[in-house]
Amino acid sequence: MCQNMIDTTERLVLHLEKSRLGAEAPICAIDTEADSLPRYRESLCLIQFAVRNESVLIDPLAIEDLTPLGAYLSEATVWMHGADYDMTMFKRQFGELPAVVYDTQIGARLLGARRFGLGDLVSKYFGVELSKSSQKADWGRRPLSEKMIEYALNDVHYLLEMGDLIVAGLRDYGRYDWFEESCAAARQRVLDRDDSK
């Protein structure tokens with residue numbers, strides 16, 4: 001079993017409690033993986049979750065009750081990259097979105113980045129080349145391979161520190177207010193979108 005995999009409601013509750021120790025409002029980074037097999041709509045297969053000192057995988061296929069995560073996110077500041085898809089998955093799963101969603105892709109674009117994929121930004125800020133080998137993997141399959149686990153954890157591992165660097169740059173250029181407005185508008189677009197079709 002993967003040490004980084006949370007696969008019961010009890011373990012999820014314990015991890016979320018630990019994640020918010022000492023924090024007035026929780027701050028985390030999140031990404032999602034879905035299966036894209038031919039069907040009516042994608043199914044949420046994996047949630048990658050990071051706080052400052054730890055990245056884990058949350059298995060929505062094994063956890064019977066994800067309500068504790070929904071409650072945590074309802075008051076959290078969440079960093080994502082290219083957040084539209086992930087926000088859409090969360091809206092379907094929980095009927096709501098995190099309180100605040102900051103998108104590193106929006107921030108990078110406001111800083112003038114010409115290449116703003118996650119791999120591009122991790123390379124730029126940290127000098128690390130991320131593997132893309134599991135991008136089209138079958139995320140509904142269990143157990144996940146070591147390569148898939150590494151790929152998934154890397155999707156959130158750098159986001160909070162990258163967010164700090166992007167925010168510092170945005171403040172230097174006087175664009176932080178634009179960033180907040182752009183992220184709030186992107187979040188509202190997902191909330192307003194009719195996903196019932």
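As the structure is a computational prediction, the values presented were derived from the model and not from experiment.
Atoms NE2 and CG, on His81 and Asp103 in that order, are 7.0 Å from each other to the nearest 0.5 Å. The CG atom of Leu160 lies 7.5 Å from the SG atom of Cys28; values are rounded to the nearest 0.5 Å. With rounding to the nearest 0.5 angstrom, the CZ atom of Arg175 is 7.0 Å from the CG atom of Leu111. Summarising the geometry, atom OG belonging to Ser43 is positioned 5.0 Å from atom CG belonging to Asp35; distances are rounded to the nearest 0.5 Å. Atom CG in Leu12 sits 8.5 Å away from atom CG in Asp65 (nearest 0.5 Å). Between Leu144 atom CG and Ile149 atom CD1 the span is 5.5 Å, to the nearest 0.5 Å.
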> Would Thr88 and Lys91 count as a side chain to side chain contact (heavy atoms under 4.5 Å, CB included) if you check the C-alpha gap in whole Å, the side-chain angles of each, and the deciding distance to 0.1 Å?
Replying inline: CA-CA 5 Å; Thr88 300; Lys91 182 181 165 192; 5.7 Å; no
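Within the 4.5 Å cutoff, the side chain of Leu170 has no heavy atoms near those of the Trp178 side chain. Annotation: side chain of Leu16 is not in contact with side chain of Arg20 (no heavy-atom distance under 4.5 Å). Counting heavy atoms from C-beta outward, Met162 and Val122 have side chains that approach closer than 4.5 Å. Residues Val56 and Val51 fail the side-chain proximity criterion, which asks for heavy atoms closer than 4.5 Å. Using a 4.5 Å heavy-atom cutoff, the side chains of Leu66 and Ile58 are in contact. Under the 4.5 Å side-chain criterion, counting only non-hydrogen atoms from C-beta, Ile166 is not in contact with Tyr102. The shortest distance between side-chain heavy atoms of Glu33 and Asp155 falls below 4.5 Å. In this structure the side chain of Asn154 never reaches within 4.5 angstrom of the side chain of Val128, judged on heavy atoms.
Between Arg193 and Asp84 there is a salt bridge, since at least one side-chain N of the basic residue sits less than 4.0 Å from a carboxylate O of the acidic one.
Linking ILVMFWY residues whenever their side-chain heavy atoms come closer than 4.5 Å, directly or via other members, places Leu159 and Ile27 in the same cluster. No chain of hydrophobic side-chain contacts below 4.5 Å, direct or via other Ile, Leu, Val, Met, Phe, Trp or Tyr residues, connects Leu61 to Met5. When hydrophobic clusters are built by joining Ile, Leu, Val, Met, Phe, Trp and Tyr residues whose side-chain heavy atoms come closer than 4.5 Å, directly or via intermediates, Leu44 is grouped together with Tyr85. Linking Ile, Leu, Val, Met, Phe, Trp and Tyr residues whenever their side-chain heavy atoms come within less than 4.5 Å leaves Ile30 and Leu121 in two separate clusters. Cluster membership for Phe94 and Phe49, using ILVMFWY side-chain heavy atoms within less than 4.5 angstrom, is shared.
Residues forming a salt bridge (charged side-chain N to carboxylate O under 4.0 Å, His left out) with Arg52 (at least two apart in sequence, or on another chain): Asp164. The side-chain hydrogen bond (donor to acceptor under 3.5 Å, both in side chains) search around Arg115 returns Asp120, not counting sequence neighbours.
The aromatic rings of Tyr176 and Phe179 sit tilted relative to each other, their planes meeting at an angle between 30° and 60°.
Summarising the geometry of Ala34 relative to Met89, their closest heavy-atom pair is CB-CE, 3.8 Å, with the distance given to 0.1 Å. In terms of heavy atoms, Asp7 sits closest to Ala62 at O-CB, 3.6 Å. Taking all atoms of both residues into account, the shortest heavy-atom contact from Cys45 to Arg142 is O-NH2, 2.6 Å. Looking at every heavy atom in both residues, Asn4 comes nearest to Ser55 through ND2-O, 3.2 Å. Across every non-hydrogen atom of Ala137 and Met148, the tightest pair is CB-CE, 3.7 Å. Summarising the geometry of Tyr151 relative to Ser131, their closest heavy-atom pair is CD1-O, 3.3 Å, with the distance given to 0.1 Å.
The only option from Ile6, Val13, Ile63, Ile47 that meets the side-chain contact (heavy atoms from CB on, under 4.5 Å) definition with Leu69 turns out to be Ile47.
Applying the ring pair (Phe, Tyr, Trp, His ring centres under 6.0 Å) test to pairs two or more places apart or on separate chains, those with a residue in residues 109-129 are Phe126-Tyr158.
Crowding of Glu150 atom CD: a count of heavy atoms from other residues, nucleotides or ligands under 6.0 Å not exceeding 12. Counted within 6.0 Å of CD on Glu161, heavy atoms from surrounding residues, nucleotides or ligands total 12 or fewer; the atom is thus considered open.
Between the side chains of Thr32 and Asp86, at least one donor-acceptor pair of N or O atoms lies under 3.5 Å.
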